[in-house]
Amino acid sequence: RAVRPGIHLYRGWFFVGFGVDPALRISVFDELTLGEGFDGVTQVQGFHGESRAFHFQGTSREVKAPAEVSKRTVQKLKGKNEFTVLATLKQDHLNSGVILSIHHSEHRFLELESSGQRSEVRLHYRTRSHQDHTEVFPYSLADDQWHKVSIAVSASHVILHVDCNRIYERVVEAPYMDIPEDTSFWLGQRNAAHGFFKGVMQDVEILVMPQGYISQCPDLNRTCPTCNDFHGLVQKIMELQDILAKTSSKLSRAEEKMNGLDGCYCERTCSVKGVVYREDEGWTDGCRNCTCTNGTVQCDAVSCPPPQCPAGTAPAYVKGACCKECLSVCLFGGRELVEGDQRAVRDSSGRCLLFECRDRSMHRVVQSEPCPELNCPESEQVALNSRCCKVCRGHDFCSEGHGCVEHSDCVNLEAGDCCVCKDGFRPLRDDNAYCEDIDECAEGKHYCRENTMCVNTPGSFMCICHTGYIRIDDYSCTEHDECLSGLHNCDENALCFNMVGGHSCSCKPGYTGNGTVCKAMCDGLCQNGGTCVSPNNCACQQGFTGERCETDINECKTGRNTCANDTVCFNLEGGYDCRCPHGHNCTGDCIHDNKVKHSGQIWVLDSDRCSVCSCQAGQVMCRRMVCDCDNPNADLFCCPECDPRLSSQCLHQNGLLTFGSGDTWVENCQQCQCLQGQVDCWPLPCPPVDCEFTVVPEGECCPRCVTDPCQADTIRNDITKTCTDEHNISRFSGSSWIKHGTECTLCQCKVGYWQQPQHHNRK
């Protein structure tokens with residue numbers, strides 16, 4: 001297929017030149033018609049002259065999109081989980097302000113903020129669990145310099161680029177763009193009272209597509225292998241050439257033998273775990289029924305009918321069996337226990353008795369050994385209901401033996417363990433002890449794009465390029481001419497010859513090698529670590545010279561050294577050393593910006609008036625200026641928290657309180673600070689929680705771990721785990737639905753668990 005010049009395909013999105021399909025672009029300046037005039041906004045010279053730039057200043061402006069513009073923007077973004085925010089800007093020094101904000105009431109659905117006070121870029125959005133989320137990227141844009149900024153979101157994948165450099169790449173909780181139609185759309189501020197951006201902005205856009213940063217930085221649409229990748233590829237090709245020669249010889253002999261087998265019938269067999277099965281032979285493998293068909297193993301999940309258990313028995317899993325079996329039960333403490341279950345009972349004195357269900361009655365179990373001594377405080381000891389011996393919190397139950405069998409991992413809990421399917425596998429029964437591979441290719445759960453073929457692998461998948469195409473990334477491929485496009489493995493000192501289905505390489509005159517690796521030929525070896533870089537031309541290491549790098553450079557005699565006046569230069573092989581003469585006291589002067597600074601000297605940086613440097617024993621050390629607000633001569637530019645003027649006071653979010661410059665307060669789980677009339681807020685820091693289910697208790701700001709997914713308000717949803725609803729329909733984790741036949745009962749699937757119905761009042 002031919003692609004016209006000037007049109008580039010990337011992951012299914014069309015870039016015309018390096019432009020974007022207009023249907024996917026939201027040009028914020030054009031939508032808000034800034035050229036028609038807003039108070040506090042003036043058109044100025046920008047980073048380049050190809051589009052308009054605007055200077056945002058003051059705090060009396062209201063740059064808000066009209067209702068029809070907001071509605072049109074919301075319609076493009078509504079329900080989308082892939083988009084990119086682009087801007088070219090020059091933000092005033094230490095300013096904290098909002099670049100753009102799409103919010104409804106107090107909920108920010110999409111807001112990009114730059115804090116100069118804390119040197120942070122913040123992305124605010126709403127999650128699928130209807131929670132406000134702030135992703136903080138430590139980076140300073142407020143330095144009065146031009147920057148190209150882009151933040152690309154693709155479901156739970158976020159990438160921040162600054163000046164065409166990938167600064168951060170993270171996996172976060174995916175945004176939920178269910179935006180109401182009456183949402184507000186602001187530029188350069190959060191609302192009429194807060195978040196005023198001060199500086200110049202140009203080319204502010206929202207692209208409803210991933211990797212939109214390519215329109216801002218076209219060179220990012222290229223992948224270059226490292227030198228290590230290149231040399232590894234050369235070595236692998238040489239190995240493959242040897243394997244190909246040997247294989248060709250073996251195939252030739254095999255073809256001769258196969259010619260005599262045309263009249264033979266060969267039964268194809270299957271080999272599984274060291275056992276050979278014949279054609280159409282069946283067997284049970286864990287929770288799957290398998291059959292050998294034409295040499296290929298085909299398996300289906302075992303269907304377990306609900307056991308019809310007689311009175312006095314109950315269904316339960318038995319080790320080595322896939323389906324539940326009927327086991328005799330015992331009544332103990334008002335609860336039913338099955339054969340083999342144990343329960344510990346503790347009396348008021350703390351004495352523990354252990355009972356086991358056997359033959360429909362509970363029998364006391366006498367411990368043969370005393371409980372092991374615990375090496376943790378009593379507050380960290382956990383009492384279990386299935387044994388008398390306590391354990392320390394964090395005990396490894398899985399190491400004691402577990403029933404997680406096929407493609408399933410054992411996970412420790414507070415008072416026991418459970419089974420969890422490995423990534424890329426789904427459970428075959430409700431305790432996750434047996435799991436089967438998910439065929440992402442057959443079920444359409446893959447990300448393979450154009451010119452690729454999806455190939456299923458255990459727990460994952462691969463995207464294989466079609467013949468004649470080259471890989472762009474893990475999911476897409478494109479046509480290519482290896483030699484013309486430069487996408488070949490020829491050495492830089494080799495000639496590339498394009499061929500059908502590939503290319504060949506040949507070293508240039510004066511070089512030797514196989515074409516993929518070409519080395520220059522020099523008459524005689526290069527000495528002292530010198531490298532032959534071209535025919536009869538040695539590149540010498542630092543400190544040596546000569547046609548063959550045979551001569552040491554005397555840096556002391558030639559003056560090519562940086563020794564201070566009070567030190568003595570000593571020549572070394574390939575270098576030199578500065579030594580303090582015996583009996584002398586060397587000054588320890590420093591060289592900074594090509595100027596001599598004496599030991600103990602202190603000075604302010606020319607490029608940053610808020611940084612102080614000093615020379616200490618020949619070493620330059622710099623730090624930020626320490627602010628002393630009791631000093632009447634404090635530099636308010638570097639110490640805005642020391643500004644006592646009324647114009648530097650801030651108004652609280654409720655509009656009733658005022659704060660002086662430097663004051664801090666907490667509002668809606670955010671730490672806020674007033675600096676020279678500007679309010680900057682950032683999320684309160686929370687300790688990390690490493691668990692699958694979390695909940696934020698009422699009146700608190702930080703999440704806590706819970707074991708019951710139905711109590712959680714934040715979960716790590718995995719679409720490979722599903723629930724079965726009341727009509728035996730599979731639901732993906734994270735999905736919700738109205739229970740059939742009702743109007744006020746909402747059900748939700750949480751990581752393979754079906755949450756109890758919630759009732760909602762409708763007015």
Side-chain angles (χ1 to χ4, degrees), residues 171 272-275 282-291 297-307 315-325 327 338 340-342 384 386 391 394-443 445-446 456-462 690-694 705-710 712 715-724 728 730-735 749-755:
V171 176
V272 178
K273 300 178 181 178
V275 180
W283 68 97
T284 299
D285 184 5
C287 281
R288 300 180 301 167
N289 290 324
C290 301
T291 307
V297 177
Q298 296 183 349
C299 297
D300 296 314
V302 172
S303 177
C304 296
Y317 287 119
V318 179
K319 184 177 181 180
C322 179
C323 299
K324 290 184 177 180
E325 299 180 2
L327 300 180
V338 298
D341 283 351
Q342 292 184 340
L384 307 176
S386 61
V391 298
H395 180 71
D396 187 359
F397 295 97
C398 294
S399 64
E400 300 176 353
H402 56 82
C404 306
V405 184
E406 191 170 70
H407 306 303
S408 178
D409 292 328
C410 180
V411 177
N412 287 303
L413 301 177
E414 175 78 10
D417 58 45
C418 70
C419 298
V420 177
C421 288
K422 296 180 179 179
D423 290 339
F425 295 85
R426 67 162 63 92
L428 287 171
R429 67 185 201 185
D430 53 14
D431 63 350
N432 292 343
Y434 291 83
C435 304
E436 65 174 355
D437 176 55
I438 299 173
D439 190 340
E440 293 87 353
C441 300
E443 298 181 14
K445 297 178 180 179
H446 61 86
N456 188 56
T457 61
S460 185
F461 64 93
M462 295 176 59
D690 187 15
C691 52
E692 192 168 12
F693 312 116
T694 60
C705 293
V706 294
T707 57
D708 185 357
C710 295
I715 60 176
R716 298 175 183 171
N717 282 320
D718 183 353
I719 63 170
T720 64
K721 298 180 180 180
T722 59
C723 306
T724 302
N728 291 322
S730 294
R731 304 278 187 172
F732 287 123
S733 181
S735 63
C749 178
K750 290 189 173 183
V751 197
Y753 295 87
W754 182 12
Q755 186 177 9

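The first residue in the sequence is number 1, and the count goes up from there. Heavy atoms only: backbone and side chains are in, while hydrogens, waters and symmetry mates are out.
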Donor-acceptor under 3.5 Å (Asp437 side chain, Phe425 main chain):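 Looks like no, no N/O pair under 3.5 Å.
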
What distance separates [X] [atom1] from [Y] [atom2], expressed to the nearest 0.5 Å?
X: Leu428; Y: Cys435; atom1: CG; atom2: SG; result: 6.5 Å
X: Cys404; Y: Asn432; atom1: SG; atom2: CG; result: 8.5 Å
X: Glu414; Y: Cys705; atom1: CD; atom2: SG; result: 10.5 Å
X: Cys421; Y: His407; atom1: SG; atom2: NE2; result: 9.5 Å
X: His446; Y: Asn456; atom1: NE2; atom2: CG; result: 10.0 Å
X: Glu436; Y: Asp300; atom1: CD; atom2: CG; result: 9.0 Å

If you measure from the SG of Cys398 to the SG of Cys410, is it under 2.5 Å?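 Cys398 pairs with Cys410 as a disulfide (SG atoms under 2.5 Å apart), so yes.
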
How about Cys304 and Cys322: are their SG atoms under 2.5 Å apart?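 Taking the criterion (SG atoms under 2.5 Å apart), Cys322 and Cys304 fail it, so no.
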
If we only count heavy atoms from C-beta on, is the Asp430 to Tyr317 side-chain gap below 4.5 Å?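 The answer is yes, as the side chains (C-beta and beyond) meet within the 4.5 Å cut-off.
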
Can you tell if the side chain of Val338 reaches within under 4.5 Å of the side chain of Glu325, non-hydrogen atoms only?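 The answer is no, as the side chains (C-beta and beyond) never meet within the 4.5 Å cut-off.
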
Do you know which two heavy atoms are closest between [X] and [Y], and how far apart they sit?
X: Phe397; Y: Val391; value: CZ-CG2, 3.9 Å
X: Val302; Y: Asn289; value: CG2-OD1, 3.6 Å
X: Ala433; Y: Gly403; value: CB-O, 3.3 Å
X: Cys441; Y: Phe461; value: SG-CB, 4.2 Å

Candidate pair Val272 and Trp283, rule side-chain contact (heavy atoms from CB on, under 4.5 Å), full reasoning: CA-CA 10 Å; Val272 178; Trp283 68 97; 3.7 Å; yes

Identify which one of Arg288, Arg429, Arg426, Lys422 satisfies the salt bridge (charged side-chain N to carboxylate O under 4.0 Å, His left out) criterion when paired with Glu406.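 Exactly one candidate clears the test, Arg288.
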
